S.K.: 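Sharing a structure here in structure tokens format.
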Amino acid sequence: MADVSDAGIDQAYQDVRSDKSDTNWLLLDYESDRSDKLVVTKTGTGGLSELRDALDDSKASYGYARVTYSNDKESRREKFILVVWIGSGCKVMRKAKISVHTANVKEVLRVYSIEVAARERDDLNEGPIVSRLRKAGGASYDGV
């Protein structure tokens, strides 16, 4: 099991979810290579592109982001995504624990529309993610 008891995780989660905050993403990393404790290592206001740049190829990390998009000229939607990142240089034993640890992360980062399994930075390009969010959101007025 992953240790997700750090109070900073819930604070960062609430910050990303808050309409009163500009923070729109957070990143959780393991405290050390041998630890199963997750801590908030970064937060930001620059959206998916900034989150993508914050990822480390040698690590497994968890991200949570608010994604804002328009369905048409009249509407604006905000949805949340959970990102499970496994960098290309991530150690084998860490990879082996990810599926179990993801369940623990979902207990604290509870509300999201889609989960994005990312192995390379291009998996976090905004276009395909917005397309998935539109499909998951139900009402779509532009034929997507």
Side-chain angles (χ1 to χ4, degrees), residues 1-72 75-140 142 144:
M1 287 181 54
D3 179 352
V4 291
S5 64
D6 183 16
I9 296 174
D10 188 58
Q11 178 58 47
Y13 171 73
Q14 296 301 332
D15 206 23
V16 171
R17 293 199 52 80
S18 174
D19 291 336
K20 295 177 176 135
S21 171
D22 289 335
T23 302
N24 57 20
W25 63 270
L26 67 85
L27 187 65
L28 303 181
D29 284 309
Y30 292 93
E31 199 170 48
S32 70
D33 284 344
R34 295 198 173 269
S35 173
D36 287 340
K37 181 173 182 156
L38 288 161
V39 294
V40 177
T41 52
K42 295 180 183 165
T43 61
T45 59
L48 276 178
S49 62
E50 189 177 63
L51 170 59
R52 187 175 56 232
D53 291 342
L55 297 170
D56 183 334
D57 287 332
S58 69
K59 293 182 178 181
S61 305
Y62 301 90
Y64 186 76
R66 179 183 342 143
V67 180
T68 304
Y69 62 94
S70 297
N71 268 352
D72 54 39
S75 69
R76 194 180 92 133
R77 288 183 153 186
E78 288 187 339
K79 298 289 183 181
F80 298 89
I81 66 168
L82 175 68
V83 176
V84 180
W85 168 258
I86 301 176
S88 58
C90 182
K91 294 184 175 168
V92 173
M93 287 307 295
R94 180 64 75 201
K95 285 181 187 179
K97 295 179 177 182
I98 291 298
S99 63
V100 173
H101 288 186
T102 299
N104 302 128
V105 169
K106 289 177 180 180
E107 293 171 7
V108 291
L109 306 180
R110 298 171 296 278
V111 180
Y112 57 91
S113 296
I114 61 170
E115 179 179 332
V116 179
R119 303 295 177 264
E120 51 190 58
R121 284 176 177 75
D122 284 349
D123 293 336
L124 292 173
N125 286 338
E126 197 160 336
I129 288 174
V130 168
S131 180
R132 285 182 60 196
L133 287 169
R134 283 188 174 125
K135 288 177 185 174
S140 177
D142 58 3
V144 175

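The structure presented is a predicted model; accordingly, all values stated were derived computationally and were not measured.
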S.K.: Just wondering, do L55 and L124 contact through their side chains at under 4.5 Å, heavy atoms?
M.R.: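 They are in side-chain contact.
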S.K.: Once you round to the nearest 0.5 Å, how far does NZ of K79 lie from CD1 of I129?
M.R.: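 The CD1 atom of I129 is 15.0 Å from NZ of K79, to the nearest 0.5 Å.
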S.K.: Quick one: side-chain contact (heavy atoms from CB on, under 4.5 Å) partners of D29, sequence neighbours excluded?
M.R.: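 Here the qualifying residues are L27, T41, K59, S61.
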S.K.: Partners of E115 by salt bridge (charged side-chain N to carboxylate O under 4.0 Å, His left out), sequence neighbours excluded?
M.R.: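 With neighbours one apart ignored, the set is K106.
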S.K.: Which pairs with one or both residues in residues 40-60 pass ring pair (Phe, Tyr, Trp, His ring centres under 6.0 Å), sequence neighbours excluded?
M.R.: none
S.K.: Please check this pair: side chain of D123 against backbone of E120, looking for a donor-acceptor N/O pair closer than 3.5 Å.
M.R.: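 Such a contact is found between D123 side chain and E120 backbone.
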S.K.: Can you sort out the partners of E126 under side-chain contact (heavy atoms from CB on, under 4.5 Å), two or more places apart, ordered by chain and number?
M.R.: L48, V67, V130
S.K.: Specify the closest pair of heavy atoms between V40 and G8, including all atoms of both residues, with the distance to one decimal.
M.R.: CG2-O, 3.4 Å
S.K.: Excluding sequence neighbours, so at least two apart, what forms salt bridge (charged side-chain N to carboxylate O under 4.0 Å, His left out) with R110?
M.R.: none
S.K.: According to ring pair (Phe, Tyr, Trp, His ring centres under 6.0 Å), does anything in residues 42-68 pair up with another residue at least two apart or in another chain? List the pairs.
M.R.: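 Listed once each, the pairs are Y13-Y64, Y64-F80.
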S.K.: Any sub-3.5 Å donor-acceptor pair from R132's side-chain atoms to S113's backbone N or O?
M.R.: no
S.K.: Would you say D15 and T43 make side-chain contact, with heavy atoms under 4.5 Å?
M.R.: no
S.K.: Can you sort out the partners of Y69 under ring-ring contact (aromatic ring centres under 6.0 Å, His included), two or more places apart, ordered by chain and number?
M.R.: none
S.K.: Do the side chain of N125 and the main chain of G127 share a donor and acceptor less than 3.5 angstrom apart?
M.R.: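 Checked: no pair found.
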S.K.: If a pair satisfies salt bridge (charged side-chain N to carboxylate O under 4.0 Å, His left out) and one of its residues is in residues 17-28, list it, with sequence neighbours excluded.
M.R.: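 Every candidate salt bridge (charged side-chain N to carboxylate O under 4.0 Å, His left out) pair involving residues 17-28 fails, so no pair, neighbours aside, qualifies.
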S.K.: Work out which heavy atom in R66 is nearest to a heavy atom in T23; give both atom names and the distance.
M.R.: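 Heavy atoms of R66 and T23 come nearest at NH2-O, 2.8 Å.
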S.K.: Rounded to the nearest 0.5 Å, how far apart are CG of N24 and OG of S18?
M.R.: 12.0 Å
S.K.: Where is the tightest heavy-atom contact between W25 and T45, given as atom of each residue plus distance?
M.R.: NE1-N, 3.8 Å
S.K.: Give the intermediate values and the outcome of side chain to side chain contact (heavy atoms under 4.5 Å, CB included) for residues D57 and R121.
M.R.: CA-CA 9 Å; D57 287 332; R121 284 176 177 75; 2.8 Å; yes
S.K.: Can you list the residues that meet the side-chain contact (heavy atoms from CB on, under 4.5 Å) rule with V108, with sequence neighbours excluded?
M.R.: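 V108: side-chain contact (heavy atoms from CB on, under 4.5 Å) contacts with V4, I9.
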S.K.: Kindly give the heavy-atom pair with the smallest separation between A118 and V83, and that separation in Å.
M.R.: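 Residues A118 and V83, closest heavy atoms: CB-CG1, 4.3 Å.
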S.K.: I need the N104 CG to L109 CG distance, nearest 0.5 Å.
M.R.: 11.0 Å
S.K.: Check whether any side-chain heavy atom of L133 sits under 4.5 Å from a side-chain heavy atom of I114, and report yes or no.
M.R.: yes
S.K.: Enumerate the residue pairs fulfilling side chain to side chain donor-acceptor pair (under 3.5 Å) with a member in residues 93-103, sequence neighbours excluded, ordered by first and then second residue.
M.R.: Y30-H101, D36-R94, D36-K97
S.K.: Sequence neighbours left out, what pairs pass salt bridge (charged side-chain N to carboxylate O under 4.0 Å, His left out) with at least one residue falling in residues 39-54?
M.R.: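 Checked against salt bridge (charged side-chain N to carboxylate O under 4.0 Å, His left out) - neighbours excluded - no pair reaches residues 39-54.
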S.K.: Which residues satisfy the side-chain hydrogen bond (donor to acceptor under 3.5 Å, both in side chains) test with E31, sequence neighbours excluded?
M.R.: none
